[in-house]
There are 2 protein chains.
Amino acid sequence: MSDDQRRIRTKAATSFDVARLAGVSRSAVSRTFTQGASVAPETRSRVMEAAKALRYRPNLAARSLITRRSMIVAIAVSHLDNQFYPAIVQRISEQLAPLGYRLLLYVTHGEESHEPLLGELRHFGVDALILASRGFAPELLAECDLAGLPVVMLNNASPASHGVMVVGDNYRGGAALARFLIAGEHRRFAYLAGDRGVSSSEERLAGYAAALAEGGRDAPLVVDAGFEFERAFAAASDVLRGPARPDALFCANDNMAFAALQVARQNGLAPGRDISIVGFDNVAISGWPDLALTTYSQPVDALGAKVVEVLVALMAGKADDTTEHRVPGRLVVRDTARQPAHGIFTYADGERGWHPGAP
Amino acid sequence: MSDDQRRIRTKAATSFDVARLAGVSRSAVSRTFTQGASVAPETRSRVMEAAKALRYRPNLAARSLITRRSMIVAIAVSHLDNQFYPAIVQRISEQLAPLGYRLLLYVTHGEESHEPLLGELRHFGVDALILASRGFAPELLAECDLAGLPVVMLNNASPASHGVMVVGDNYRGGAALARFLIAGEHRRFAYLAGDRGVSSSEERLAGYAAALAEGGRDAPLVVDAGFEFERAFAAASDVLRGPARPDALFCANDNMAFAALQVARQNGLAPGRDISIVGFDNVAISGWPDLALTTYSQPVDALGAKVVEVLVALMAGKADDTTEHRVPGRLVVRDTARQPAHGIFTYADGERGWHPGAP
DNA sequence: GTGAAAGCGCTAACAG
DNA sequence: CTGTTAGCGCTTTCAC
């Protein structure tokens, strides 16, 4: 810990220093660092050279005072223990980085009010907000609208008018799983629901129930659980040990399905034989042989790319008229659900899928 | 997407607006928002009222130009798929938030050079850097030193002089696991190593090897794997299917242990009976009944708290003379390793531990 | 294509 | 305790 060095630490070079070294004005150096400004090639190279020598980088704070762009986008997440979220955060971060944007992280807990959040966002002057958290207040969106702050919601529908949504294929996924379970000749269908009122859980249920009805099956037993692992565990215990035990259980996401899996095994039920348990997301660990969860994928790469695409358009002022972007997923067949006699096939990447119409 | 509203969006109020509304000078409003500045209570309340009415928050960018403090701290992480990292990031974020600091996220990949990183850090004017990533260049630390940027390394030792480290109890943990495995009467010990040269992996091995030697056992077979799941999986396959199969395998972290677990089961070996596999971290999922990994904990809460404590001190200019802070963990006994006949006990929180000296 | 000058929103001396 | 003043580092008209 060189205390001396710290004291004489090199104060970062300013545009002034660079200008002087290059023998030009500060405007010249500003222009060389501004996208699409007109500078003579000769000047530019002189400036660049000086900048490199001094390790100069324009100070974003000072710049943002003028340009009103901080190059920071805030992301709010709640369930970092659900592997889906770190994965998507990583993708978004990686896609934003080459564009010069960085993520400012907000770990929320769902319950808090929007007031302080928006205050902070303005405090930091973020350019946009990604809402990947559950249960934010709709007023937040209204306020962001007023403040002119672009918002993209990830897997989160809202009654409010502001903000554009990027969502997985919830309805179709739920329906596909239902058809798969029907083909597996199950009889008593249940749904382990996520937090009430959260669109992703509701939509998955809607698709599930619709396809069940279409197949002439009874409506599923809906068990309120919530997205948290512990609550899912408790709820799964109730259903699986109760009198009307389902033989097919669709869980609102993989993380909840893992909870259900544990419960089943603890109660002597072999998933895939005595009971079928399926999830949603196709989180990385669901492919682990020990878990081998049958699920419907939410492709993190595609989702992240779409979020970034939409975000960038929004920040560029291009009002997006599509307010909802749906990213398709696919059924991934593994071992926690009984497999139909026909229709199983292999995708190009080696995962297994299922084809309803197959012989 | 109210295009009209966006156009007439309320430009955020400035200190000038507040000053005018409150009938005071801009300095007065600045002072009310500055910690420990002297303002008459009367003035303060008038300002606060005006500020609330206008939803005023001082602009951090402008402020930072003067104070040279951005209130943002950068955190570099590499293995977001290892649950340990999201968990620690979450804790740090939560502990920093009440102090007004926010995390700017850098997802690195280990290989990249430090140059652009440091450039970016200065670009954004971050107040400090948390290095929770693997394999950063030591030059980075030197440069941060020169730039006067406080650095805390999480579980990452470095030959460089700059930066303070917060680390888990690697050596003692490795030793504890060794003793536990010895008590379990194993004979052929192995270590599934993380990336070479990374201190956490090396230290765990050192403790393991030392305790093994002390117990009169042969030195462990060291298998180079790396922290990545896939590579750990491949390496585990090699050892567990090779001629000299160990009966006790210590993996550099839980995530790698999970890989080993899968490999063992796939090869007809029941962990905890035919082979003992232990990890390090005590990541949340290691407690899942399906996984039930015996491991040595790295308490994320304590680790996060320590990081924040150190960070804050550093940013306050208090040069910390302790350059390394070690956070103790504990052995957590579950099902993937054979249990000694004696010495198993239960912690206050219900987890099981093991006591070497017990009857 | 370039430099001079003004100013983004704020804080920190400095007088009072 | 308060207001006035200067200036943080940068971009951006505006003349040239």
Checking the side chain of B:S70 only, and the main-chain atoms of B:S64 only, is there a donor and an acceptor separated by less than 3.5 Å?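 No, because the side chain of B:S70 does not come within donor-acceptor range (under 3.5 Å) of the backbone of B:S64.
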Electrostatic pair B:R57:A:E120 at N-O distance under 4.0 angstrom: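 Salt bridge absent between B:R57 and A:E120.
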Considering only side-chain heavy atoms of [X], which listed nucleotide, [options], is closest?
X     : options               : result
B:S38 : C:dC10, D:dC1, D:dG9  : D:dC1
A:T43 : D:dG9, C:dT11, C:dG1  : C:dG1
B:T34 : D:dG9, D:dT12, C:dA12 : C:dA12
A:A28 : D:dT12, C:dC10, C:dG3 : C:dG3

Provide, to the nearest angstrom, the distance between the [atom1] atom belonging to [X] and the [atom2] atom belonging to [N].
X      : N      : atom1 : atom2 : answer
B:N59  : C:dG7  : CG    : P     : 18 Å
B:L60  : C:dC8  : CG    : C1'   : 15 Å
B:R26  : C:dG9  : CZ    : C1'   : 7 Å
B:Y56  : C:dC10 : OH    : P     : 4 Å
B:H123 : D:dC10 : NE2   : P     : 10 Å
A:L54  : D:dG9  : CG    : P     : 14 Å
B:I66  : D:dG7  : CD1   : P     : 11 Å
A:R31  : D:dC14 : CZ    : P     : 14 Å

Under 4.0 angstrom between [X] side-chain N/O and [N] OP1 or OP2:
X     : N      : result
B:R68 : D:dG9  : yes
B:S15 : C:dC10 : yes
B:T14 : C:dG9  : no

Less than 3.5 Å apart, any donor N or O on the side chain of B:E94 or A:H109 sitting next to an acceptor on the other? yes
Between A:S30 and B:P41, just flag the one whose closest nucleotide in DNA chain D comes earlier from the 5' side.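 Result of the comparison: B:P41.
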Specify the closest pair of heavy atoms between A:D301 and A:Q95, including all atoms of both residues, with the distance to one decimal.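 Distance-wise, the nearest heavy atoms are O-NE2, 3.9 Å.
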B:F16 vs A:S27, nearer the 5' end of DNA chain C by closest nucleotide: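 Mapping each residue to its closest nucleotide by heavy atoms, the 5'-most match is A:S27.
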For the residue pair B:Y56 and B:F33, does the interplanar ring angle fall in the parallel (under 30°), tilted (30 to 60°) or perpendicular (over 60°) class? perpendicular
Under 4.0 Å between any heavy atoms, over every strand shown, what does B:F33 touch: base, sugar-phosphate, or nothing? Just pick one. nothing
